[in-house]
Number of protein chains: 2
Amino acid sequence: MTGNATLYDVARAAGVSLATASRSLNGSTRKVNEEYRQRVLAAAEQLGYTANVSAQAVARGTSATVALLVSDIADPYFSAIAAGVIRASEEQGLNVTMAVTERDAQRELELVRLLRGQRPRVLVLAGSRFTDGAGDEPLSAELESFTASGGHVVLISRHRLAFDTVAIDNTGGAAALAASLVDLGYRGFAVLAGPANLVTAQDRAAAFTGALPAPPVAVVHGAFSRDAGYAGMLELIDRGLDTVDLVFAVNDVMAIGALAALRDRGIDVPGRIAVAGYDDISTARDVTPALTTVRVDLESAGAAAVALALGDGGTVQVGAEVVLRASTPRR
Amino acid sequence: MTGNATLYDVARAAGVSLATASRSLNGSTRKVNEEYRQRVLAAAEQLGYTANVSAQAVARGTSATVALLVSDIADPYFSAIAAGVIRASEEQGLNVTMAVTERDAQRELELVRLLRGQRPRVLVLAGSRFTDGAGDEPLSAELESFTASGGHVVLISRHRLAFDTVAIDNTGGAAALAASLVDLGYRGFAVLAGPANLVTAQDRAAAFTGALPAPPVAVVHGAFSRDAGYAGMLELIDRGLDTVDLVFAVNDVMAIGALAALRDRGIDVPGRIAVAGYDDISTARDVTPALTTVRVDLESAGAAAVALALGDGGTVQVGAEVVLRASTPRR
DNA sequence: CACTCCTTGGTAAGCGCTTTCCGGCGCGAC
DNA sequence: GTCGCGCCGGAAAGCGCTTACCAAGGAGTG
């Protein structure tokens, strides 16, 4: 047997019309004679028939897919979100197609265009917007024409744009973390602030420093990655910041990089310097010392995104909760 | 503007026929008058036209997508593979659609059926087969009829089935690791062997124990997860295995769980007991002590899978290389 | 028993594209 | 000057489905 069986083949094999075959195999509203139905089902089974979803999409004018755009799927932050999106989508019988932007606004725009071509029911964009609004204009336009044609757009953690969004509490969590740390007795703060142009990173950094009794001793920027955290920490060390007793990295992977740098330089953590991160990725509790961080339920955020799209839209807040661990003992 | 612009709209706006519009917007072999082409391009731009890929797929009889099936996207093992698959696919102008099996053979079969409906060019299955061959029969049948209809199937680390595969060196790496550890002076081995019915897990465990001078003191089974590694380690501890000086977990996430259990029980690692894992996921070097493991380039494996599918097929070996770190010092 | 209404199968008209096939035109060759 | 050929637009036939719409039959009503 070469080539896929078509509905026509099934109909013929079952001795019924195309319409009846179609009605039997999908949940049409129309009733069909039970005997015919059985014949169709049997024929389909026997021929190994699978409906061609592209054809269905064309005929129905809409496809049962949700398109997901993330910055980097190997990053635990995004893979947690993706897990949520995929789980929720599958529960709704939707397929997920996915692409990665590598944090490039231009690329993101192209991918949105491309994905739009699939006429997905839902388009989920995860990953932070840029503070300078770079590329916002054309992106918004693209998204708008997508919604205009009946699609749902949901943004995760990108409150600047005017679409349904799953907002992650970056400011509240960061402020609460700062308060907790002050409470624990920390006084000299440094911040590994991530990319200067990433909204999420800057929101966290700003809220954190804003909740401090005095400005931080140092703030260093860099990529949102483990290696950048490592490099940033080295830079901090080399500046010789004697008054620093706590380093806040705006996400956990950077914090983990920072821990590595401190370890490599033989600096005692948390004895000499304490470290805190953000996100509570699963490895946060497994590094040594276990990382104090702010827990964000990313998988729920992903699931909420598809729920939002399929429901009434709007904005959903995903909470953030300070998790104190060994990396920040009481001073 | 409501509804998406169709090619027909573009053609009309440009004052040309549907055929000409189509030929201008995709890389057809046919040449079209430069002036017409420009008019079409301008009209498309102006109308915000994006080709409906479903319609294209129907018309062309093939779609530009690769379907990827993984066990669990939040697991770094699979997210690394996914990253490779996505990167390579995008380089070839292919879209990726993705689903997760949750290591359930039944579910996997259903998903393959579903994904087959998309008539993807390539179907990549990552995640280990079951040792008892559970569900192999219908799965093979499904995959065969997929290839019969012109699709490419690539398996990652599932050598038992008769399709193109990216083989991950589980046996060689595990044996080499065992040899290295014996060389370092270890003598009493325990194995956190993962699920008894997962081929990958069992291959690693078997090759490891096979390369040991004497059988391991203990072998405990459990899930392939961090928490199962933790639980397994506790069980090992509770059995009171005085002669054990090294625990080998068949993957890194389990090893990391084991480290946590040892830490929680106050057992010195690597002083009293050393630990080794497999995969070299990115956090392996960031835990304390840094984890000895076997490096597998999962992202390359993912990329290789799509290369294989698009090329001549066959089998590609992805090497495995022992990486000794602080968790297994010389005894 | 005649008439209407509801079921339910089938026919056929799309959905938005690609691609074959035709026909008209311009060119070079004889 | 005629013919043949190559080139390129456009008409139209699909691709595999869904879903109006129609028709035929059975049930219900007076």
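Below, read A as the first sequence line, B as the second, and so on, with proteins coming before strands; counting in each chain starts at 1.
- The separation between Arg23(B) atom CZ and dG16(C) atom C1' is 16 Å, rounded to whole Å.
- The distance from atom CZ of Arg30(A) to atom C1' of dG10(C) is 9 Å, rounded to the nearest whole Å.
- Here the shortest heavy-atom pairing between Ser71(A) and Val100(A) reads O-CG2, 3.8 Å.
- Between Gln56(A) and dC17(D), a side-chain N or O to OP1/OP2 separation shorter than 4.0 Å is absent.
- Leu47(B) has its CG atom 14 Å from the P atom of dG16(C), to the nearest Å.
- Ile86(B) contributes atom CD1, which lies 12.5 Å from atom CG of Leu94(B) (distance to the nearest 0.5 angstrom).
- Evaluation of atom-type donor-acceptor distances gives no pair under 3.5 Å for the side chain of Arg119(B) against the base of dG16(D).
- OP1 or OP2 of dT18(C) sits under 4.0 Å from a side-chain N or O of Arg60(B).
- Taking atom CD on Gln118(A) and atom C1' on dC17(C), their separation rounds to 16 Å, with Å as the unit.
- The distance from the CZ atom of Arg12(A) to the OG1 atom of Thr6(A) is 7.5 Å, given to the nearest 0.5 Å.
- Summarising the geometry, the separation between CZ on Arg12(B) and C1' on dG10(D) is reported as 17 Å, rounded to the nearest angstrom.
- Backbone-only contact: Thr20(A) has heavy atoms under 4.0 Å from sugar-phosphate atoms and none from a base.
- Projected onto DNA chain D by closest heavy-atom contact, Gly15(B) and Thr6(A) fall at different nucleotides, the more 5' of which corresponds to Gly15(B).
- Ser22(B) has no side-chain polar atom (N or O) that falls below the 4.0 Å cut-off from OP1 or OP2 of dC17(C).
- The distance between atom CZ of Arg37(A) and atom P of dG9(C), rounded to the nearest whole Å, is 11 Å.
- In this structure, Asn52(B) does not reach the dC15(C) phosphate: none of its side-chain N or O atoms is under 4.0 Å from OP1 or OP2.
- Considering only side-chain N and O atoms, Tyr8(B) lies nowhere under 4.0 angstrom from the phosphate OP1 or OP2 of dG14(C).
- The distance between atom CD of Glu35(A) and atom P of dT8(C), rounded to the nearest whole Å, is 14 Å.
- Per the geometry, CG belonging to Leu18(A) stands 20 Å off P belonging to dC22(D), to the nearest Å.
- Here the side chain of Tyr49(A) is nearest to one of dC17(D), dT19(D), dG9(C), namely dC17(D).
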Can Arg37(A) and Glu34(A) be said to form a salt bridge (charged side-chain N to carboxylate O under 4.0 Å, His left out), step by step? CA-CA 5 Å; Arg37(A) 234 179 65 83; Glu34(A) 187 56 23; 3.3 Å; yes
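- Considering only side-chain N and O atoms, Ser17(B) lies nowhere under 4.0 angstrom from the phosphate OP1 or OP2 of dG9(D).
- In the set dG10(C), dG9(D), dT18(C), dT18(C) carries the atom at the smallest distance from any side-chain atom of Ala59(B).
- Residue order along DNA chain D, read from the 5' end via each residue's closest nucleotide, puts Lys31(B) first among Lys31(B) and Ala21(A).
- In this structure, the separation between CZ on Arg129(B) and CG on Leu155(B) is 9.0 Å, given to the nearest 0.5 Å.
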